[in-house]
Amino acid sequence: MADANSTSGPQTGDSPRGFAFALTAYVLWGFLPFFMKAVAHIPASEVVAHRIIWSVPLAGLVLIWLGRTSEIKVALRSPRMIAMATLTAVLITINWGIYVWAIGAGRAIETALGYYINPLFSIFLGAVLLKEKLDRAQIAAIVLAAVAVAILAFDAGGLPWVSLSLCMSWGFYAFCRKALPIGPNQGFFLEVLILSVPAIGYVIWLESTGQGHFGDTGMTDVLWLLSCGVVTAIPLMIYANGAKLLRLSTIGIMQYIAPTMIFIIAVFAFGEPFGTTKLVAFVFIWAALFIYSGSMLRSAHARRVAAAELKPAE
């Protein structure tokens with residue numbers, strides 16, 4: 001999943017094509033729990049391995065079609081680039097692994113919470129690691145999110161580790177991904193290419209020891225695992241192209257589509273319990289996101305007004 005902090009840079013305007021791309025990506029991510037529920041009988045580590053393996057040819061074909069393979073050749077000759085991509089690859093693997101396991105374990109509500117908190121955690125990271133100054137609205141939003149986590153922790157007798165792990169792994173991934181000097185599609189291909197080496201080795205070991213699901217358990221599982229590449233690579237690449245055509249403020253609002261869909265699916269389709277305590281916690285989260293979004297939109301409007309005033313008269 002992606003957020004406003006993982007885009008390539010600020011946009012000067014929104015395009016209908018960009019909106020369509022981003023909306024498609026977020027809706028596909030929103031429906032992803034249904035796919036993960038269908039493969040819940042397969043260990044999460046095996047599902048993640050196949051997500052990696054089958055994403056490589058898809059992402060490679062897209063780069064060939066776009067004629068953007070030169071950056072990959074440069075990256076593969078740079079030890080620094082490989083090291084940076086390896087770090088982001090590890091972080092995204094952790095995120096995928098927790099997400100796949102959580103959906104199969106009936107904890108989709110916690111994944112929704114994690115992705116709701118993510119933009120606020122990214123702001124917090126910027127303040128701590130980059131010394132970015134927070135305004136009062138951002139501080140209030142972070143405090144409300146912290147209160148929500150505290151409520152859930154008190155109710156469960158421990159921290160909501162699924163939500164926090166998803167939030168932190170994606171937040172650090174987006175933060176580190178910014179430092180990787182390569183386009184989003186190329187970066188994704190480089191990451192899965194690096195990950196494909198251990199992933200292929202792991203799958204070969206599973207199949208040779210009779211623990212794998214790629215052939216031994218029927219054609220249905222083969223098709224599910226082959227589809228892992230499609231559900232992984234396609235939405236991410238659609239999003240990457242849409243994000244280039246939208247303002248950060250627009251992406252910032254749209255990023256709530258996926259966790260909202262996951263939340264609705266978890267409660268009404270999967271029937272996960274959603275008691276009073278969780279409702280109170282989510283109200284705090286939604287209030288935090290409302291404050292954060294309002295602040296973000298006001299800042300974006302102020303920047304546009306300032307830019308318009310500086311624009312020379314024709």
Side-chain angles (χ1 to χ4, degrees), residues 1-6 22-40 44 47 95-124 141-156 158-171 173-174 231-232 235-236 239 250-294 296:
M1 199 164 300
D3 63 17
N5 297 288
S6 60
L23 180 62
T24 299
Y26 281 121
V27 169
L28 289 174
W29 278 322
F31 280 118
L32 190 57
F34 286 121
F35 179 89
M36 294 306 167
K37 206 70 169 178
V39 298
V47 173
N95 183 270
W96 286 350
I98 296 169
Y99 178 80
V100 173
W101 175 85
I103 297 296
R107 303 174 76 164
I109 288 178
E110 293 178 57
T111 69
L113 176 64
Y115 288 121
Y116 272 135
I117 295 175
N118 175 252
L120 302 177
F121 179 71
S122 294
I123 293 173
F124 175 77
I142 291 172
V143 169
L144 287 174
V147 170
V149 171
I151 290 171
L152 292 173
F154 178 80
D155 180 61
L159 289 173
W161 71 268
V162 169
S163 303
L164 293 177
S165 298
L166 283 173
C167 168
M168 293 174 68
S169 60
W170 186 265
Y173 169 76
V231 302
T232 301
L236 192 60
Y239 168 83
T250 303
I251 288 290
I253 298 299
M254 293 182 72
Q255 69 183 308
Y256 304 133
I257 294 173
T260 299
M261 290 180 64
I262 294 170
F263 172 79
I264 292 170
I265 289 169
V267 174
F268 296 104
F270 296 164
E272 292 187 15
F274 187 69
T276 303
T277 303
K278 284 185 178 178
L279 175 60
V280 172
F282 267 81
V283 166
F284 274 95
I285 289 294
W286 290 327
L289 295 177
F290 179 80
I291 293 171
Y292 161 74
S293 300
M296 180 176 58

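Numbers here simply count residues along the sequence, with the first being 1. Just so it is clear, the model here is predicted, and its values are computed rather than measured.
When each of Phe270, Phe274, Tyr115 is checked for a ring-ring contact (aromatic ring centres under 6.0 Å, His included) with Phe263, only Phe274 meets the rule.
Note on ring orientation: taking the six-membered ring where Trp is involved, the planes of Tyr256 and Tyr292 are perpendicular (angle over 60°, cut-offs 30° and 60°).
Within a 6.0 Å radius of CZ in Phe35, more than 12 heavy atoms belonging to other residues, nucleotides or ligands are found. Counting non-hydrogen atoms of other residues, nucleotides and ligands closer than 6.0 Å to CZ of Phe284 gives a total of 12 or fewer.
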What verdict does the side-chain contact (heavy atoms from CB on, under 4.5 Å) test give for Ile142 and Phe121, after you've listed the backbone C-alpha separation in whole Å, the side-chain angles of each residue and the deciding distance to 0.1 Å?
CA-CA 8 Å; Ile142 291 172; Phe121 179 71; over 6 Å; no

Would Phe290 and Trp286 count as a ring pair (Phe, Tyr, Trp, His ring centres under 6.0 Å) here? Give the steps.
CA-CA 6 Å; Phe290 179 80; Trp286 290 327; over 10 Å; no

Apply side-chain contact (heavy atoms from CB on, under 4.5 Å) to the pair Val149 and Leu113, showing each step before the final yes or no.
CA-CA 9 Å; Val149 171; Leu113 176 64; 5.6 Å; no

Verify side-chain contact (heavy atoms from CB on, under 4.5 Å) between Val27 and Leu23, making sure each step is shown before the conclusion.
CA-CA 6 Å; Val27 169; Leu23 180 62; 4.0 Å; yes

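Using a 4.5 Å heavy-atom threshold, the side chains of Val267 and Ile109 count as touching. Two residues are said to be in side-chain contact when any heavy atoms from C-beta on lie closer than 4.5 Å; Leu32 and Leu28 fail this criterion. Between Leu289 and Pro119, the closest side-chain pair of non-hydrogen atoms falls below 4.5 Å. Counting heavy atoms from C-beta outward, Thr111 and Arg107 have side chains that stay 4.5 Å or more apart.
Side-chain atoms of Glu272 never come within 3.5 Å of backbone atoms of Ala266 as a donor-acceptor pair (strictly under, hydrogens ignored). With hydrogens and angles disregarded, a donor-acceptor distance shorter than 3.5 Å links the side chain of Lys37 to the backbone of Ile103.
Atom CG of Leu144 is separated from atom CD1 of Ile285 by 8.5 Å, given to the nearest 0.5 angstrom.
Between Trp96 and Tyr99, the ring center distance fails the sub-6.0 Å criterion.
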Donor-acceptor contacts, no H, no angles, side chain residues 162-169, under 3.5 Å, sequence neighbours left out:
residue	atom	partner	partner atom	Å
Ser163	OG	Glu110	O	2.7
Ser165	OG	Trp161	O	2.6
Ser169	OG	Asn95	ND2	3.1
Ser169	OG	Ser165	O	2.8
Ser169	OG	Leu166	O	3.2

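Here the shortest heavy-atom pairing between Ile262 and Ala108 reads CG2-O, 3.6 Å. Taking all atoms of both residues into account, the shortest heavy-atom contact from Ser122 to Gly171 is OG-CA, 4.3 Å.
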